[in-house]
Amino acid sequence: MSITIALVGNPNSGKSTLFNALTGSNQYVGNWPGVTVEKKGGVYKKDKDVNITDLPGIYSLSPYTLEEVVSREYLINEKPDVIVNVIDASNIERNLYLTTQLSEIGIPMILALNMMDLVEKNGDKIDTNILSKKLGYPVIEISALKNKNIDGVIDLAKKVAFKEHKHITSFDPDVERVISDIENCIEHACEAQYKRWYAVKLFEEDEKATKNLDLSIADKNKIKNIIEKAEEYFDDDGEGIITDVRYDYISKIVKSSVKKGRVGLTASDKIDRIVTNRWLALPVFAAIIFVIYYISVSVVGGGVTDWVNDVFFGEIIGGNVENFLVGAHVAPWLTSLIVDGIIGGVGGVLGFVPIIATLYLFLAILEDVGYMSRIAFILDRVFRKFGLSGRSFIPILIGTGCSVPGIMATRTIENENDRKMTIMVASFMPCGAKTEIIALFAASIFAGAKGWWFAPVCYFAGILAVVVSGMMLKKTKRFAGEPAPFVMELPEYHMPTVVNVLKTTWDRIKAFIIKAGTIILLATVVIWFLQNISTSFEFVEFSGESHSILEAIGRTLAPIFAPLGFGHWAATVATICGLVAKEVVVSTFGVVAGLGEVAGDDPGMISYAATVFTSVSALSFMLFNQLCVPCFAAIGAIRGEMKDAKWTWFAVIYQLGFAYAIALMVYQFGSVLVLKNPVTGWTYVALAVLAAMLYMMFRKPRVNDVKAERAVTES
């Protein structure tokens, strides 16, 4: 007999780790109907009749976030056979708040006390027999991270599924009488198992949860009178009363069943005294990022990347394939397409996989250890000073892997203005595709010990761009208002799990490689044909003297980017093609370099890049491509999250304009100060742009803007 299990728990409770362990590769990911919150489902790997749904991590079933609404709508409407409430046993008191709410839904439930290894390490003891007796639910101890007793979760869930459910009597007698009176008013309007749920929600005046109740005017008035008398008696509103009695009940439960074995600071607390310290947090964060990028781009990106690009793809694959095709008397144009176009272009992208893999590996370790949560907490202090919420950094952080999920992650931000602004700036961080461009310049323009700073600077330039944008946009009517408060749990530090880290890294690398084998392959083929068809529409193999359509397009558009320092036609074409996907920037140089453009004796992509850019123009080029529209997929994600064509266009135009302004200032000021070139008219334009941005950042809001801000805050 098949059963459906819903995994429900707080964020960082280990719920998703348990889901991964139970389902293995039998997973599917999609979106909930009508919303963009991720839906994870799977089949138990030892029993195909057991279906498991991993609900979004939530702290309560109140309608404050989209995740909370989605979770409770699923539980009420889809009615799974059993709930597995995953609880972080090291923070049991806070986790039990959700448990008391889940109890009221009327679905059979078990409690899975996760992270028991941490509980034992801290010397704490949880009497599961007392806990189970007090709550009235079966309790099982597990460690999802270490695969301890996870199969027992399914066995226990099967035993309680389809059995009669009893809710937790968690309120004091006075409040229970109020709930009982409300239940009597609604017994004809809902199923018996949901009476308590709806009675509590009516008392809390949760309109979203109770909107479907078909109540008469008389019943509504009767309920209103009951609530008013209760609020007068308790001197608080319904929601406050329920919250207080829940926590009173939970405190008594924990006091009787949990014994703390350690007094004082835990190891995580001691580490946090340093890494979240008001003065040390940012320097420590900066040092960690510098080390990660230095190892990824300079160490691995040195000999390893050079070998992969020049030897593996250039000589071993490219050379042998070319010799084979020539020996087989394949047409020269087809040989050139395969060797110079496909291998040169796609190989140029894949040549930087070692760098991307190293970067993803380090980020996965930081996530698994628990440090990424601290980064969001640390930067909340910085962001709030400039009008942004710390919540904004979570999507931005996710965007370092790929901008698309980063943009989609903004749905967790409740404040609409904050959410839209975060959508616009979430792609400013260097994603995996942009890291390839960083690696290209690190191997060519900034090679050697003197260029160690380049890659980390690009990372922090993304954060600075977010801050600057926040300061400017918050001064406008569109985004006026106080940033939403940010509350986040900091999980205990723990040793990273090799399997989890490698799986996370591989999933990201696999997506990168698949992209290289599809859209990048198509783009390189198109680029090769445009480079081999002359402006008179004759097919001629490229030479330094012929004028291809690609070159003609580049030279036509080059004046647009000349003030930014990269008016070379190849750089212009690479930038335009990068709007499709940022990986195409590198593949464009790979195709053009492989086709024999003047690059000395070595026609390789890295050597070719060194002939096109100076150090200043390379930094300008990098920042423009990092800050402008990331790719077509990201534009689609922006459109999906904004749900409005005008807002989408506004976001795209802002990103392009902001990227152009930053690149203009970097090149014009760098040209004068670093390259010692004379001041030009564009230098004065760059100064005017700087003055305008400083004015937008530090001006006082106008009276109308203040009114708009108050209106947004009050609403």
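Predicted model only: the values in this text are computed from it and were never measured.
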Residue pairs fulfilling salt bridge (Lys or Arg N to Asp or Glu O under 4.0 Å) with at least one residue in residues 242-254, sequence neighbours excluded:
Glu104-Arg246

Do NZ/NE/NH1/NH2 and the carboxylate oxygens of Asp127 and Lys133 come within less than 4.0 Å?
no

Lys/Arg N to Asp/Glu carboxylate O, Lys15 vs Asp88, below 4.0 Å
no

May I ask you to check if Arg177 and Phe171 form a cation-pi contact, with NZ or CZ under 6.0 angstrom from the six-membered ring centre and within 45° of the axis?
no

Can you check whether Trp647 and Phe650 have ring centres sitting under 6.0 Å from each other?
yes

How about Asp49: does its CG atom have over 12 heavy atoms from other parts shown lying under 6.0 Å from it?
yes

Please determine whether a side-chain nitrogen of the Lys or Arg among Lys259 and Asp124 lies less than 4.0 Å from a carboxylate oxygen of the Asp or Glu.
no

Applying side chain to side chain donor-acceptor pair (under 3.5 Å), can you list everything that pairs with Thr4, at least two apart in sequence or on another chain?
none

Looking at the rings of Tyr97 and Tyr247, which for Trp means the six-membered one, are their centres under 6.0 Å apart?
yes

Using the side chain to side chain contact (heavy atoms under 4.5 Å, CB included) rule, take Thr128 and Leu111 through it: C-alpha gap first, then chi angles, then the decisive distance, then the call.
CA-CA 10 Å; Thr128 54; Leu111 309 185; over 6 Å; no

Only counting residues at least two apart or in another chain, list the ones meeting side chain to side chain donor-acceptor pair (under 3.5 Å) with Ser143.
Asp117

Regarding Lys148 and Glu120, does a basic nitrogen lie under 4.0 Å from an acidic carboxylate oxygen?
yes

Assess whether a salt bridge exists between Glu641 and Lys420, defined as any Lys/Arg side-chain N lying under 4.0 Å from an Asp/Glu carboxylate O.
no

